Amino acid sequence: MSETPPNTLQYRFDGPEDAPVLILGPSLGTTWHMWDRQVPELAQQWRVLRFDLPGHGGAPAYPASSVAELSARLLATLDALGVQRFAYAGCALGGAVGIELALRHPERLASLALIAASPRFGTADEWRQRGVVVRTNGLDPIARTSPDRWFTPAFAAAQPAITDWAVQMVRTTDPGCYIAACEALAAFDVRAELGRVGVPTLVLVGSDDQVTGPAEARTLVAGIPDARLAVVPTASHLVPVEQPAAVTDLLVRHFSTAWQPVFDPGTGQVAVVAAAPAKPAPVGPAPAVTAAAVPAAPVAEIAPAQAQPYAVEQPDVYDTGLKIRREVLGDAHVDRELEQADAFSQDFQHLLTRTTWGEIWQRPALDRRTRSCVALTALAAGGHLEELAAHTRAALRIGLTPDEIKEVLLQTAVYCGMPVAGRAFRVAQKVIEEETTPAE
């Protein structure tokens with residue numbers, strides 16, 4: 001166990017002190033106990049380090065809002081322990097941390113396993129919407145539905161104790177840290193960078209995973225040059241818990257045979273001397289597992305950005321504006337606005353993005369919450385109800401609570417008139433109901 005400063009992570013060690021280090025990274029909403037069934041066998045030949053995400057499993061609640069920040073905290077933890085080189089297996093968000101390490105710190109990583117992972121986890125809007133639900137209702141709605149996302153129906157029905165454990169694990173997570181992790185997943189997108197992952201990689205997925213399933217796994221395998229795919233039948237998202245023996249066997253096989261020699265960042269090459277664990281790989285097929293080598297292929301082409309005909313003196317202002325506009329209003333809203341633009345209106349969309357979002361919303365004197373309050377007041381006062389609906393959603397995404405939005409509209413009623421505020425309340429009430437009602 002560990003004392004945890006803000007820039008590090010809570011961790012525990014298992015296994016021989018002189019063995020090569022193998023790190024196990026958890027999924028969002030879980031603790032290091034999701035790996036309990038793997039540790040006894042893995043710890044026979046590796047020094048196994050498990051860590052908790054911030055605010056998970058009783059870890060101090062220091063939110064980390066990006067995968068890069070989580071990776072930096074893990075490396076700071078390892079630096080303090082004197083661990084320079086290691087293998088890594090991560091599930092879902094833990095897998096994103098593994099990809100980040102492989103891309104930004106290849107000299108530290110000897111081998112990689114990505115479980116229930118993806119180069120992009122859904123859409124940014126989906127994760128920010130989940131943050132809105134947690135901010136408004138707490139973690140109980142997410143906790144109650146976690147077994148549906150994590151396990152197959154048959155497993156959940158047959159293992160009520162594990163199902164209850166999963167619910168309690170999420171329920172006791174710090175809400176602020178959970179929301180920050182949602183923001184981290186919203187911003188994570190490495191589809192264009194997979195070809196730079198230079199470490200031997202096992203991509204492991206449950207056949208019935210509805211969150212990050214076989215399609216996402218095949219995208220990883222197609223993009224990572226040295227990657228192999230293993231599909232575990234009758235398993236969903238939290239496959240190490242649902243099929244522990246199969247996952248353990250696959251990890252032992254992978255890390256016993258695919259341990260890359262030391263990487264030299266100066267030359268971009270690996271050294272001649274290998275540092276693989278001594279124990280040979282077990283012989284015989286993995287129980288109930290279909291493992292298949294998938295030939296490397298180019299990752300699916302990402303469509304280039306649409307050409308912008310508007311004359312731009314400062315291209316970075318437009319790019320900044322588009323980024324802020326998406327972060328505040330959401331990808332779905334912005335995509336719809338841009339797709340509806342034609343040759344007549346696209347110059348206006350460019351002007352709006354560059355001026356409103358690239359110049360005004362990025363000014364540092366007011367934070368986004370304050371700007372959102374001002375926008376709600378102005379739109380309500382002007383009777384711009386369609387835009388008010390969009391900015392009410394934006395206010396929830398930014399972090400305003402329904403009570404804070406109510407106070408903004410009450411203030412508007414006093415200074416701008418009751419009829420104006422009455423219309424605004426009806427619009428905002430409908431949006432808040434839609435955005436804060438947990439999905440069934």
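Note that this is a predicted model, so its numbers are computed, not measured. Positions are given from 1, in the same order as the sequence printed here.
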Item to check | Thr392 side-chain N/O to Ala428 backbone N/O, donor-acceptor pair under 3.5 Å | outcome: no
Checklist entry - Under the 3.5 angstrom rule, does the side chain of Glu216 hit a backbone N or O of Ala116 as a donor-acceptor pair? => result no
Next on the checklist: With side chain to side chain contact (heavy atoms under 4.5 Å, CB included) as the criterion, how do Arg149 and Thr145 come out once you've worked through the C-alpha distance, each side chain's angles and the decisive distance to 0.1 Å?
Outcome noted: CA-CA 7 Å; Arg149 294 188 298 273; Thr145 58; 2.8 Å; yes
Checklist entry - Any side-chain heavy atom of Thr377 sitting closer than 4.5 Å to one from Tyr415? => result no
Checklist entry - Side chains of Leu250 and Val232: does their closest heavy-atom pair fall under 4.5 Å? => result yes
Item to check | Closest approach of Met169 to Thr30 (non-hydrogen atoms, all atoms of both residues) | outcome: SD-CA, 3.5 Å
Checklist entry - Can you check whether Thr320's main-chain N or O pairs, donor with acceptor, with Gln362's side chain at less than 3.5 Å? => result no
Checklist outcome for this item: Closest non-hydrogen contact found for Leu238 with Ser27 is CD1-CB, 4.1 Å
Table please: side-chain donor-acceptor pairs of residues 394-411 below 3.5 Å, with sequence neighbours left out.
from, atom 1, to, atom 2, distance (Å)
Arg397, NE, Val328, O, 3.2
Arg397, NH1, Asp125, OD1, 3.2
Arg397, NH2, Arg326, O, 3.3
Arg397, NH2, Glu327, O, 3.2
Thr401, OG1, Glu404, N, 3.2
Glu404, OE1, Arg369, NH2, 3.3
Glu404, OE1, Thr401, N, 2.9
Glu404, OE2, Arg369, NH2, 2.8

Next on the checklist: Tell me which one of Leu49, Leu101, Leu22 satisfies side-chain contact (heavy atoms from CB on, under 4.5 Å) with Phe86.
Outcome noted: Leu101
Next on the checklist: Side chains of Ser236 and Gln210 only: does a donor on one sit below 3.5 Å from an acceptor on the other?
Outcome noted: no
Next on the checklist: Within the 4.5 Å heavy-atom criterion, are Thr234 and Thr152 side-chain neighbours or not?
Outcome noted: no
Item to check | Closest non-hydrogen atom pair between Val97 and Leu74, with its separation | outcome: CG1-CD2, 4.2 Å
Checklist entry - Below 4.5 Å, heavy atoms only, C-beta onward: do Ile224 and Leu112 meet side chain to side chain? => result no
Item to check | Parallel, tilted or perpendicular, as decided by the 30° and 60° cut-offs, for the rings of Phe188 and Phe121 | outcome: tilted
Next on the checklist: Within the 4.5 Å heavy-atom criterion, are Thr31 and Thr172 side-chain neighbours or not?
Outcome noted: no
Item to check | Side chain His56, main chain Pro54, donor-acceptor under 3.5 Å | outcome: yes
Next on the checklist: Under a 4.0 Å threshold between the charged nitrogen and the carboxylate oxygen, would Arg73 count as salt-bridged to Glu69?
Outcome noted: yes
Next on the checklist: I'd like to know if the side chain of Arg325 pairs up with that of Gln349 as donor and acceptor (distance under 3.5 Å, no hydrogens or angles considered).
Outcome noted: yes
Item to check | Thr163 side chain to Pro147 backbone, donor-acceptor under 3.5 Å | outcome: no
Checklist entry - Do you know the tightest heavy-atom contact between Asp52 and Ala59? => result CB-CB, 4.2 Å
Item to check | Whether His391 and Trp357 hold their rings parallel, tilted or perpendicular, with breakpoints at 30° and 60° | outcome: parallel
Next on the checklist: Between Arg37 and Thr248, does the side chain to side chain contact (heavy atoms under 4.5 Å, CB included) criterion hold? Intermediate values first, please.
Outcome noted: CA-CA 8 Å; Arg37 298 287 295 276; Thr248 301; 5.6 Å; no
Next on the checklist: Just verifying a value: how many Å separate Asp226 CG and Thr201 OG1, rounded to the nearest 0.5 Å?
Outcome noted: 6.5 Å
Next on the checklist: With rounding to the nearest 0.5 angstrom, report the CD to CD distance, Gln129 to Glu434.
Outcome noted: 9.5 Å
Checklist entry - Under the side chain to side chain contact (heavy atoms under 4.5 Å, CB included) criterion, do Leu220 and Val205 qualify, and how do the steps go? => result CA-CA 11 Å; Leu220 286 170; Val205 65; over 6 Å; no
Next on the checklist: Within the 4.5 Å heavy-atom criterion, are Arg393 and Leu329 side-chain neighbours or not?
Outcome noted: no
Checklist entry - Quick one: NE2 on His237 to CD on Glu242, what's the gap to the nearest 0.5 Å? => result 12.0 Å
Checklist entry - So Gln84 and Asp79, side chain to side chain contact (heavy atoms under 4.5 Å, CB included) or not? Walk me through it. => result CA-CA 7 Å; Gln84 291 301 311; Asp79 290 343; 3.9 Å; yes
Checklist entry - Under the 3.5 angstrom rule, does the side chain of Tyr178 hit a backbone N or O of Leu28 as a donor-acceptor pair? => result no
Checklist entry - Atom CZ in Arg85, atom CZ in Arg108: separation rounded to 0.5 Å? => result 10.5 Å
Checklist entry - Is Val431 close to Leu388 at the side-chain level, that is, under 4.5 Å between some pair of heavy atoms? => result no
Checklist outcome for this item: In terms of heavy-atom contacts, Gly57 and Gln10 come closest through O-NE2, 3.4 Å
Next on the checklist: List the residues meeting ring-ring contact (aromatic ring centres under 6.0 Å, His included) with Phe425, not counting sequence neighbours, and say none if there are none.
Outcome noted: none
Checklist entry - Where does the angle between the aromatic ring planes of Phe255 and Trp259 fall among parallel (under 30°), tilted (30 to 60°) and perpendicular (over 60°)? => result perpendicular
Checklist outcome for this item: Of all heavy-atom pairs linking Val67 and Ala184, the shortest is N-CB, 3.8 Å
Checklist entry - Should Arg128 and Asp331 count as an ion pair when the cut-off is N to O under 4.0 Å? => result no
Checklist entry - Does Glu193 pair with Arg104 as a salt bridge, N-O distance under 4.0 Å? => result yes
Checklist outcome for this item: OG1 of Thr219 to CZ of Arg191, rounded to nearest 0.5 Å, is 9.5 Å
Checklist entry - Are any of the side-chain nitrogens in Lys323 or Asp319 under 4.0 Å away from the carboxylate oxygens of its partner? => result no
Checklist entry - Are any non-hydrogen side-chain atoms of Pro240 and Ile115 less than 4.5 angstrom apart? => result yes
Checklist entry - Roughly how far apart are Tyr62 OH and Asp174 CG, rounded to 0.5 Å? => result 11.5 Å
